[in-house]
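Taking it in order: structure first as structure tokens, then the write-up.
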Amino acid sequence: MNQFERVREAQAGNRTAFLSLIEEQQDRLYRIAYYYVRQEMDAEDVVHETIYRALVGLPKLKQPQFFTTWLTRIVMNCAMTALNKRQRLVVDDRYVDLLQQVSVTEHDDRIDLLAAVDQLEPRQRQVIAFKYWQDMTIEEIANLLRMPSGTVKTILHRGLKALRKNYSSTEGAIRSESAIVSEQDRLQQRLVALKQLAEARFHIPQSHELTIADYQEDKREAGRAVFVWTKQGADPVWGESGKDTGMSLVLGSQEELLEYTIDVEEAARELPVLSQEELRLRGEEFVLIHYPTALKGFSLTRTKATESRTIFFYEQVVMDLPLPSSGFRVTVHQSGMVSSFLYFGRQKKPKVPDNLMEKEQILQHIEKTVKVDLQLTYVPKDVLNRAEFELRLVYELDNCLMSYPADEHEASKLNEESVEWEEQAVWLPVPILPKAVAVRTLEEIQALLGIDPKQYQLLRSADIDEEISAFVWRRRDWKSTDSDDRSFRTFFQTRSAGTVKVMIHKRTGALVSFSRFEDCPPGEKRLSRDECLDIVLQLVARTRPELEPYLWLRQQEEAGESDREQFEFRIGVQGVWLKRESLRIVVNKTTGLLEGMDSSFIDTAQLETVQTTPLLDERKALQIYREALDLKLEWQIDYSGRGKNHRYRLVYRQVHRDNQREMQWIDARTGELI
């Protein structure tokens, strides 16, 4: 199952799919968090917060193929929040995925250099990272940080001067600057060697061309090289939903295969369909080529068959329970061709508890602590086996995805206070929208957002899903830099620089969201928050006027020294909130330019007809839940663990007594468990 399919599964309530997505991203999330907060405990807190926000927000993610980018933005926002609390400087969030920390495992002069860089002032550290680790010019850094080139040069000069002081000699400082450059050379040489190995070991179709070649190292693991080949003429990001458009490989620094994915639909079109046993043997043959002893170390724990392929999971087993993120999984097309492979390897065996808690003790704790929240929510169509998402009045269980320690020695953790993840916000009625004519065509939306056809050209478009179409325009005066660099940084910079991305609802033509990725210089204005609000209300009146009766505006202080004001709207009916849907709009105070709008399409026809009066009270809803509740024993990853090997804890997970699936909602009118 590729990432797109797993995101869809997770949105439909598949907890295993969600965990697999997080497990893949955990190390990367930690790297990004640590880059900014610079403290291990703070980085862990940021990752925990990110996982929670991703869990809560995943149902409203309308473009699953952008899951990684969406998750990156969340971890960056969480890191910025943590930094703001410590009143520290941070990097512009639009460039999160462009930054990677350079580090090495040997204790040599480069380690001393990195330690010295860490001691610099945040802005000096930032500019040095851009200049030497990201190979950006002074002008590029100035545009990114919105400051004069002379200021950037001054910061760079002072930063290098501080490095000289840290090294206690001029020679040390000169050596440190050359070490930064030589480190880049070493990484590039390693990338070239792994690319040659990949081309020799795997058959790359002649119709494919190299799109991405990237190699990174960090303190927590050895290197990882990522290669992506794309079918000529196909788009690696905007291809057909749910289908891979080429081939990708991830190799470790020891030349081991970590990930493999290839689109096999076309090649397998005329091949016969094989039995499940034959598919398993084909998958094992592939694994034995790359890991001859893997089948002895891992057990086949489960299989999952989809319409055209089967996934085989081989994992470590402890206490007859599989360890997540261990072993490997291989996906075999019905023709027998391997379409994907993901290797986790052997993890350190977790400590088995001496004594397990009694289920009854945990059930009693749950009965005392569980709460429900009345809300409106769109229940995924796959959950209800419906043709579309359905708006329901539900009680949401506040502990629906919680697990409880199974080790008797951790009994005290049952009484720990729950964490408030969100600050209590104040929501105000939205001022009356100005009278305006709604825009409902692509040309009208272009004009509204200032996308002048004389200055912008349509770069690409695609149907994201059944409801949403996406369009990307780029400035005609944008110049590409001719380079052989195929790193992730260059790839995404090339795709996004100078663009405006717009999402439109197909049936109604309504604007759903948009983002600017342009380097717009600051203007001469200094608009107040109220003046920015007028601009925002004009946008809502032109694009989503039907939402006016259901919108409430979050009370926020003026952004102060920031050049941007953000406005967040909540959606509700008769005092009951649509929990996971909101509308966010950003305005530049110095230009009056609308810089972004983030929302999903809300069908007001359902809002007009939904019943907001519950027929069950909270007491009855909790009774229904308790009568169906059971506990299931399993190993879970302990996300406070650090290092390449995962740490595990044995837990009880809440499930339905009959079908062993999690319970998240109780229909407030029918009593149905969802």
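Here, residue 1 is the first one in the sequence, and each next residue gets the next number. Below, all heavy atoms of this structure are taken into account, side chains as well, without hydrogens, waters or symmetry copies.
- Sparse packing is recorded around CG of D320, with 12 or fewer heavy atoms of other residues, nucleotides or ligands lying under 6.0 Å away.
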One pair to check against side chain to side chain contact (heavy atoms under 4.5 Å, CB included): V472 and L459. What are the steps and the verdict?
CA-CA 5 Å; V472 178; L459 195 62; 4.2 Å; yes
Go through the steps to decide whether R8 and Q11 satisfy the test side-chain hydrogen bond (donor to acceptor under 3.5 Å, both in side chains), and finish with yes or no.
CA-CA 5 Å; R8 284 297 199 198; Q11 288 179 313; 3.3 Å; yes
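- Applying the side chain to side chain contact (heavy atoms under 4.5 Å, CB included) test to E277 and every residue at least two apart in sequence or in another chain returns S275, R280, L281.
- Classification of E467 and R507 as a salt-bridged pair fails, no side-chain N sitting under 4.0 Å from a carboxylate O.
- The OG1 atom of T331 sits 7.5 Å away from the CZ atom of R309 when rounded to the nearest 0.5 Å.
- For Y314, the ring pair (Phe, Tyr, Trp, His ring centres under 6.0 Å) criterion is met by F328, not counting sequence neighbours.
- For the pair S299 (side chain) and T301 (backbone), a donor-acceptor distance under 3.5 Å is absent.
- Taken to the nearest 0.5 Å, the NE2 atom of H208 stands 8.5 Å off from the NE2 atom of H203.
- Heavy atoms of other residues, nucleotides or ligands lying less than 6.0 angstrom from CD of Q254 number 12 at most.
- Counting heavy atoms from C-beta on, the side chains of S469 and M503 never come closer than 4.5 Å.
- A salt bridge does not link R269 with E265: none of the charged nitrogens is closer than 4.0 Å to a carboxylate oxygen.
- With a 4.5 Å cut-off on side-chain heavy atoms, I602 and Y378 count as touching.
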side-chain hydrogen bond (donor to acceptor under 3.5 Å, both in side chains), that's the test. Do Q636 and E634 meet it? Break it down for me.
CA-CA 6 Å; Q636 283 187 357; E634 68 175 28; 3.1 Å; yes
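- Taking the six-membered ring where tryptophan is involved, the planes of Y343 and F298 are perpendicular, since the angle between them exceeds 60° and thus also 30°.
- D214 has no carboxylate O lying under 4.0 Å from a charged side-chain N of R224, or vice versa, which leaves the two without a salt bridge.
- Note that CD of Q457 and CH2 of W473 are 12.5 Å apart. Values are rounded to the nearest 0.5 Å.
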List the steps and the verdict of side-chain hydrogen bond (donor to acceptor under 3.5 Å, both in side chains) for Q276 and T310.
CA-CA 8 Å; Q276 287 293 301; T310 301; 3.0 Å; yes
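- With sequence neighbours excluded, the residues satisfying side chain to side chain contact (heavy atoms under 4.5 Å, CB included) with R392 are V379, L384, R386, E390, V394, D667, E672, I674.
- A cation-pi arrangement is absent between R475 and W478 under the rule of less than 6.0 angstrom and at most 45 degrees off the ring axis.
- Between P350 and L323, some side-chain heavy-atom pair lies under the 4.5 Å cut-off.
- Within the 4.5 Å cutoff, the side chain of V330 has no heavy atoms near those of the F313 side chain.
- Side-chain contact between H505 and I468: present, with at least one pair of heavy atoms (C-beta onward) separated by less than 4.5 Å.
- Annotation for R661: atom CZ does not count as buried by contact number, only 12 or fewer foreign heavy atoms lying within 6.0 Å.
- A 6.0 Å sphere centred on NZ of K349 holds no more than 12 heavy atoms belonging to other residues, nucleotides or ligands.
- With rounding to the nearest 0.5 Å, the separation of CG in L194 from OG in S253 is 8.0 Å.
- With values rounded to the nearest 0.5 angstrom, E315 atom CD is found 5.5 Å from R302 atom CZ.
- Atom CD in Q347 sits 7.0 Å away from atom OG in S325 (nearest 0.5 Å).
- Under the 4.5 Å side-chain criterion, counting only non-hydrogen atoms from C-beta, I311 is not in contact with T303.
- The shortest distance between side-chain heavy atoms of I204 and M247 falls below 4.5 Å.
- In this structure, S599 contributes its side chain and V512 its backbone to a donor-acceptor pair below 3.5 Å.
- If you run side chain to side chain contact (heavy atoms under 4.5 Å, CB included) between V250 and each of L342, V228, V226, only V226 comes through.
- Residues passing the salt bridge (charged side-chain N to carboxylate O under 4.0 Å, His left out) test with R440, sequence neighbours excluded: E546.
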Would you sort out whether R282 and E278 count as a salt bridge (Lys or Arg N to Asp or Glu O under 4.0 Å), showing the intermediate values?
CA-CA 6 Å; R282 293 289 182 91; E278 290 173 314; over 6 Å; no
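- Considering only residues two or more places apart in sequence or on other chains, K632 meets the salt bridge (charged side-chain N to carboxylate O under 4.0 Å, His left out) condition with none of them.
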Side chain to side chain contact (heavy atoms under 4.5 Å, CB included) evaluation trace for F514 with F471
CA-CA 9 Å; F514 77 92; F471 302 86; over 6 Å; no
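- Applying the ring pair (Phe, Tyr, Trp, His ring centres under 6.0 Å) definition to pairs two or more places apart or across chains, none involves residues 8-28.
- You'll find the side chain of E284 reaches within 4.5 Å of the side chain of L295, heavy atoms only.
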